[in-house]
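Here is the structure we will look at, set down as structure tokens.
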2 protein chains.
Amino acid sequence: MTTMSNRYRAEPGNNRPTMRDVAALAGVGTKTVSRVMNDEAGVTEATRLRVLKATEQLNYQLDIAAGSLRRTGRRTLSIGLLLPSVANPFSGEIHRAIEDGLAARGIAVFAASLDDDPEREKTLVAAFLRRRVDGLVLTPIAKSQAYVIPEHSRDLPMVFIDREPVGIEADAVVTDNAVGAARAAAHLISHGHRKLAYLGDRTDIQTARERRRGFTEELGRAGIATSTIPILEDLHDEESACRAAHALLGSDDPPTAVFSSQNLITFGAMRALKDRGLNRTTALVGFDDFSLSDMMDPGITVIAQHPERIGKLAAERLLARIDGDHVAPRTYVVPTELIPRGSGELRPPN
Amino acid sequence: MTTMSNRYRAEPGNNRPTMRDVAALAGVGTKTVSRVMNDEAGVTEATRLRVLKATEQLNYQLDIAAGSLRRTGRRTLSIGLLLPSVANPFSGEIHRAIEDGLAARGIAVFAASLDDDPEREKTLVAAFLRRRVDGLVLTPIAKSQAYVIPEHSRDLPMVFIDREPVGIEADAVVTDNAVGAARAAAHLISHGHRKLAYLGDRTDIQTARERRRGFTEELGRAGIATSTIPILEDLHDEESACRAAHALLGSDDPPTAVFSSQNLITFGAMRALKDRGLNRTTALVGFDDFSLSDMMDPGITVIAQHPERIGKLAAERLLARIDGDHVAPRTYVVPTELIPRGSGELRPPN
DNA sequence: CCTGTGCCTGACAACGATGTCATGTAGCAT
DNA sequence: ATGCTACATGACATCGTTGTCAGGCACAGG
């Protein structure tokens, strides 16, 4: 059993044809088959047709991985994409835009989920590297991305998305978090609010800190003492956000307007407002757009990000790097957009 | 430039270490390095440590693709996953469950989006095959999947999800569409409704047909003449669904309860109901759960699918096949669940 | 008829790894 | 001391493909 000839595998029928089989059937050399499969010049039309016929007869498919071993540049025509979670709709949109941006070049995407786990980040990047991907698109979560410096200096193309990397100079595509949050604050202030409140995500997340910064800076610009504004942070899911919002709204001096720094927090805030019958009274602006936001009562005003633009830009930058672009790394900022739908335009009482 | 030695590439620093480099540094043979990297038995602890030290010094990463060329079974430790779209939340959940199911075995996932395009299905499957994936998880959309028969008979593990394949006998994991739709009908009928209406997706989609079948069969069981029930189909997005619902609700004899066979259609129906102020009067049950369904007015009663269970089961079946399971292919059915939230429990007037 | 210029074409080595197998060494019993 | 076993180790061929290079053929010009 184990001394069986290599040509024949233990499993029945598991004999995928190789270039040699095709070459033999077409009566040409393997190099000629290779030329045909790769659309290289210098093959007679007659030979080409003979080879193509043989590939069809045998149902032959080129082995990209085997080829990459010898191919100049060792391209595997695949990249690694690390997302918070492939099940996250925001990530999904980015993923899709990247897929679309790379499809024309025949590049396939390995996708994996981070789950906010710094250890996983390293493990998954290592898994991508073992597969010799042509590039990486990463959402960083670990404290530092210095661990990929060796690869980066080996010229492995790399683009960070959503958050900027720490400890390494590399391309990044991020949302304008601070500006977006500031815009939300300005919007609420311009509608007469002075008693704002801030519901924020875990402070170890860079984007969360940026949003808070933008928000508080705008307060300063408007002459509102930051100390008077409740800043509730380290909320990471709908439930904790809902509890925090309840505490806030049930206090002696409740805010007239709430800003929530992220989707799930917005949901929690919406729920608390509704529970207390304040949804048509207390203003709300959320960071991140979401489906059905316009079906709420009232519609929810949001600071919309543009995941598809982030993904598109990341794919473009990665392709440029793959094609040998060596300009200095920089961070690309994708603007946000305030979409008024009602909840953010509610005015304070009196 | 082109006559440069092979050892050195054109790009600077692009010299990834190989097993040979590690072997040289550790003063052992490449085979020993291979053994260490693959946790094979028969290596002294002392040697093992020397090798590991060398890999760390050189920042060496095993090349899985190169290894797969020679490895028994030619395993690439990767699979191909074809989804309607990676941006679709339902698909995202399936994707995630599959990723989780395969991660323990070190298998990476190539994901790609179909976009309801039968041609794309074939192109993308071919792209997976060229990468010699160890298995395929496919959402079929083409009229027939007979084109993968050659691969299937070469024992390439394959699991179809969401829809059953046509023209090939292979494992499939699907939702119990007919039963779910029937349950929705029964639920509405049990709440006193006789004047139902059906809003359905494109009829070339198998699951859409199944849902209609389940729905109408339940009508029959309840003694409601199918001919009296409006069946509006070929709706594929929110807008067309909204228009259809408007037409329905504005007719002489509007239904007292509506069933929508899919997420976007549900959204369209919700919008139409709200536009007409009927959201608290006309009952609605939608197929597919969605976030914020409980925040609607009233909450939306749905037939929930379990994408995470579909993904988990698909991953299990695929792994079993990869491990050599040769039982006859079958279809696994994942049950749906009716989640009452208000809209489906509204009673007809009088 | 000879030479030169292109153009097709295939032999061959090599990419980075692993399966096979032979070799060497240590340890133990005789 | 001898012979045996068991185990650790490395040489080598090979996986399927592509880069390099040399050979062969056709055709044009002298």
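Throughout, a chain's letter reflects where its sequence line sits, starting with A, and its residues are numbered from 1.
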Using the side-chain heavy atoms of [X], tell me which of these nucleotides is nearest: [options].
X	options	value
A:R132	C:dC15, C:dA17, D:dG19	C:dA17
B:T18	D:dG10, C:dG16, D:dT18	C:dG16
B:L62	C:dA17, C:dG10, D:dT17	C:dA17

Quiz item: Which of parallel (below 30°), tilted (30 to 60°) and perpendicular (above 60°) describes A:H95 and B:H95?
Solution: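 Tilted, since the angle between the ring planes falls between 30° and 60°.
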Self-check item: Under-4.0 Å side-chain N/O to phosphate OP1/OP2 contact, B:T32 with D:dG10
Solution: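 B:T32 to D:dG10 OP1/OP2: side-chain N or O found under 4.0 Å.
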Practice problem: Could you tell me whether the phosphate oxygens of D:dG19, OP1 or OP2, come under 4.0 Å of any side-chain nitrogen or oxygen in A:T72? | Solution: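 Affirmative; the distance criterion is met.
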Practice problem: Check the side chains of B:D162 and B:T139 for a donor-acceptor pair under 3.5 angstrom, ignoring hydrogens and angles. | Solution: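 Short answer, no.
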Report the distance from atom [atom1] of [X] to atom [atom2] of [N], rounded to the nearest whole Å.
X	N	atom1	atom2	value
A:I64	D:dT17	CD1	P	11 Å
A:E40	D:dC21	CD	C1'	14 Å
A:R130	C:dG16	CZ	P	18 Å
A:K31	C:dT9	NZ	P	13 Å
A:R70	D:dG19	CZ	P	8 Å
B:M19	C:dG19	CE	P	10 Å
A:R16	D:dT17	CZ	C1'	15 Å
B:R74	D:dC15	CZ	C1'	7 Å

Quiz prompt | 5'-most by nearest nucleotide on DNA chain D - B:T30 or A:S68 | solution =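 Between the two, 5'-proximity favours B:T30.
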Quiz item: Do A:Y60 and A:R16 pass the side chain to side chain contact (heavy atoms under 4.5 Å, CB included) test, and can you show the C-alpha distance, the side-chain angles, and the key distance before you say yes or no?
Solution: CA-CA 8 Å; A:Y60 172 74; A:R16 204 184 242 71; over 6 Å; no
Exercise. Would you work out how much the helix from C:dC1-D:dG30 to C:dT30-D:dA1 bends between its ends, with each end axis defined by five base pairs, to 10 degrees?
Key: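 One end's axis against the other's: 50°.
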Practice problem: Quick one: pull up CG in A:L52 and OG1 in A:T47 and give me the separation to the nearest 0.5 Å. | Solution: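 Those atoms lie 10.5 Å apart.
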Quiz item: How long is the gap from CZ on B:R105 to CD1 on B:I322, to the nearest 0.5 Å?
Solution: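 So the gap between those two atoms works out to 7.0 Å.
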Self-check item: Expected output: side-chain A:R131 to main-chain A:A127 donor-acceptor under 3.5 Å
Solution: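 Yes: the side chain of A:R131 pairs with the backbone of A:A127.
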Exercise. Ignoring hydrogens and angles, tell me if any N or O in the side chain of B:R20 forms a donor-acceptor pair with the backbone of B:T30 under 3.5 Å.
Key: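 The answer is no, because no donor-acceptor pair under 3.5 Å joins these two groups.
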Self-check item: Pi-cation contact, A:F128 with A:R130 (under 6.0 Å, within 45°)
Solution: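 No cation-pi geometry.
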Quiz item: Does A:Y332 have A:R317 sitting over its ring (NZ/CZ under 6.0 Å from centre, angle to axis within 45°)?
Solution: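 No, cation not above the ring by the 6.0 Å, 45° rule.
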Quiz prompt | side chain to side chain contact (heavy atoms under 4.5 Å, CB included) between B:L25 and B:L58, intermediate numbers included | solution = CA-CA 9 Å; B:L25 181 59; B:L58 297 177; 3.8 Å; yes
Quiz item: What residues in residues 42-58 of chain B put a non-hydrogen atom under 4.0 Å from any atom of DNA chain D?
Solution: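 Result for residues 42-58 of chain B: B:G42, B:V43, B:T44, B:T47, sorted by number.
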Quiz item: Touch check for B:V28, heavy atoms < 4.0 angstrom, all strands: base, sugar-phosphate only, or nothing?
Solution: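 Sugar-phosphate, no base atom in range.
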Quiz prompt | Residue closer to the 5' end of DNA chain C, A:A66 versus B:V33 (nearest nucleotide) | solution =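 Nearer the 5' end of the strand: A:A66.
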